[in-house]
Amino acid sequence: MRLKVFHSAAAVYHAPSDLSGIGGMHREYIRATQAWHGGPARYDCIFVEREPEEEGFHALGVAQVRVFFSFEHNNVAYACAFVKWFETHGDSPCPDTGLWRVKPDFTARGRRMCSVIHIDSILRAAHLIGVYGDKFIPSHLRYHHSLDAFKLFYVNKFADHHAREIAY
């Protein structure tokens, strides 16, 4: 069996509230690469459809893509992503910000919860903001370390109007 690895995937979705573009269609690239333009690695976060019978954020999961890959089995091609999961913190958004919060999901043995998902379950990119509390962020902290440096994150529904529509 051959395994093909990809460093990005395009999420194409319909956003009816977007008046620009052709009929509300929108495309964005989600990246999972060890070196982004000769610099540090880039592993984007995503919204994953998990509970289709629910609405809003309750229907979604949040994960970080570590690698996109595909393989063929019995003449059927499967496009997948290996992801690290975040779990929802609390049953409702933060009362101060109105943003949902997530934290890294761990197994009983203390390892990050990971899985392989079909790329058709990826809705779009997600933007996470570290919850840093009342302390200063160290000056040596770089953006590419932020998903490892914080224990809790806000799910930024204000990144764009598409995120606001789905992460309520």
Side-chain angles (χ1 to χ4, degrees), residues 5-11 13 15 17-18 26-51 54-69 80-117 119 121-168:
V5 174
F6 303 92
H7 298 291
S8 67
Y13 55 91
S17 65
D18 188 358
H26 187 74
R27 176 178 42 212
E28 66 185 1
Y29 289 94
I30 301 166
R31 292 170 177 84
T33 182
Q34 293 179 352
W36 176 247
H37 288 284
R42 179 173 173 174
Y43 300 107
D44 291 345
C45 291
I46 55 173
F47 289 114
V48 181
E49 294 179 286
R50 294 188 85 175
E51 303 290 337
E54 297 286 337
E55 289 187 5
F57 192 76
H58 294 287
L60 305 173
V62 176
Q64 181 188 35
V65 179
R66 299 301 293 189
V67 67
F68 290 106
F69 65 96
C80 302
F82 177 74
V83 299
K84 289 184 174 184
W85 288 102
F86 291 87
E87 65 178 329
T88 304
H89 178 79
D91 295 329
S92 61
C94 171
D96 296 327
T97 64
L99 301 175
W100 284 94
R101 292 166 291 180
V102 295
K103 58 186 178 182
D105 196 2
F106 290 95
T107 67
R109 292 183 169 186
R111 295 183 181 175
R112 283 296 301 271
M113 183 70 70
C114 300
S115 65
V116 173
I117 61 171
I119 64 166
S121 66
I122 298 172
L123 186 58
R124 59 157 300 161
H127 181 242
L128 302 184
I129 304 168
V131 177
Y132 52 88
D134 58 358
K135 296 191 166 85
F136 287 108
I137 297 175
S139 60
H140 66 275
L141 181 66
R142 298 292 176 244
Y143 68 93
H144 52 274
H145 294 134
S146 62
L147 290 175
D148 299 319
F150 296 99
K151 295 179 182 172
L152 188 64
F153 300 88
Y154 290 115
V155 179
N156 185 4
K157 71 178 180 181
F158 300 114
D160 58 40
H161 67 279
H162 307 297
R164 189 171 184 173
E165 289 179 341
I166 64 171
Y168 59 90

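Please read all numbers here as calculations on a predicted model, not as lab measurements.
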[X] vs [Y] side-chain heavy atoms within contact, under 4.5 Å:
X: E28; Y: D44; value: no
X: F150; Y: V131; value: no
X: P104; Y: R112; value: yes
X: E87; Y: K103; value: yes
X: Y168; Y: E55; value: yes

Any idea which heavy atoms bring [X] and [Y] closest together, and the distance?
X: T107; Y: M113; value: CG2-CE, 4.0 Å
X: V155; Y: L99; value: O-CD2, 3.6 Å
X: V48; Y: A63; value: CG2-CB, 4.4 Å
X: F69; Y: A81; value: CE2-C, 4.1 Å
X: L123; Y: A11; value: O-CB, 4.2 Å
X: K157; Y: G98; value: NZ-O, 3.4 Å

Please check if atom CZ in F106 has more than 12 non-hydrogen atoms from other residues, nucleotides or ligands closer than 6.0 Å.
yes
Other residues, nucleotides, ligands: >12 heavy atoms within 6.0 Å of F158 CZ
yes
What is the distance from atom [atom1] of [X] to atom [atom2] of [Y], rounded to the nearest 0.5 Å?
X: R50; Y: L60; atom1: CZ; atom2: CG; result: 10.0 Å
X: I30; Y: Q64; atom1: CD1; atom2: CD; result: 12.5 Å
X: S92; Y: R101; atom1: OG; atom2: CZ; result: 7.5 Å

Apply side chain to side chain contact (heavy atoms under 4.5 Å, CB included) to H58 and W100, showing your working.
CA-CA 10 Å; H58 294 287; W100 284 94; 3.6 Å; yes
Can you tell me if T33 uses its side chain to pair, donor with acceptor, with the backbone of A35 under 3.5 Å?
yes
What verdict does the side chain to side chain contact (heavy atoms under 4.5 Å, CB included) test give for H7 and R31, after you've listed the backbone C-alpha separation in whole Å, the side-chain angles of each residue and the deciding distance to 0.1 Å?
CA-CA 6 Å; H7 298 291; R31 292 170 177 84; over 6 Å; no
Full working for side chain to side chain donor-acceptor pair (under 3.5 Å) between S115 and W85:
CA-CA 8 Å; S115 65; W85 288 102; 2.6 Å; yes
Going through the checks in order, is the side chain to side chain contact (heavy atoms under 4.5 Å, CB included) test met by I46 and I117?
CA-CA 12 Å; I46 55 173; I117 61 171; 4.1 Å; yes
Using the ring-ring contact (aromatic ring centres under 6.0 Å, His included) criterion, which residues pair with F86? Sequence neighbours excluded.
F153
Partners of A32 by side-chain contact (heavy atoms from CB on, under 4.5 Å), sequence neighbours excluded?
Y43, V65, F68
Carefully, step by step, assess I122 and F47 under the rule side chain to side chain contact (heavy atoms under 4.5 Å, CB included).
CA-CA 6 Å; I122 298 172; F47 289 114; over 6 Å; no
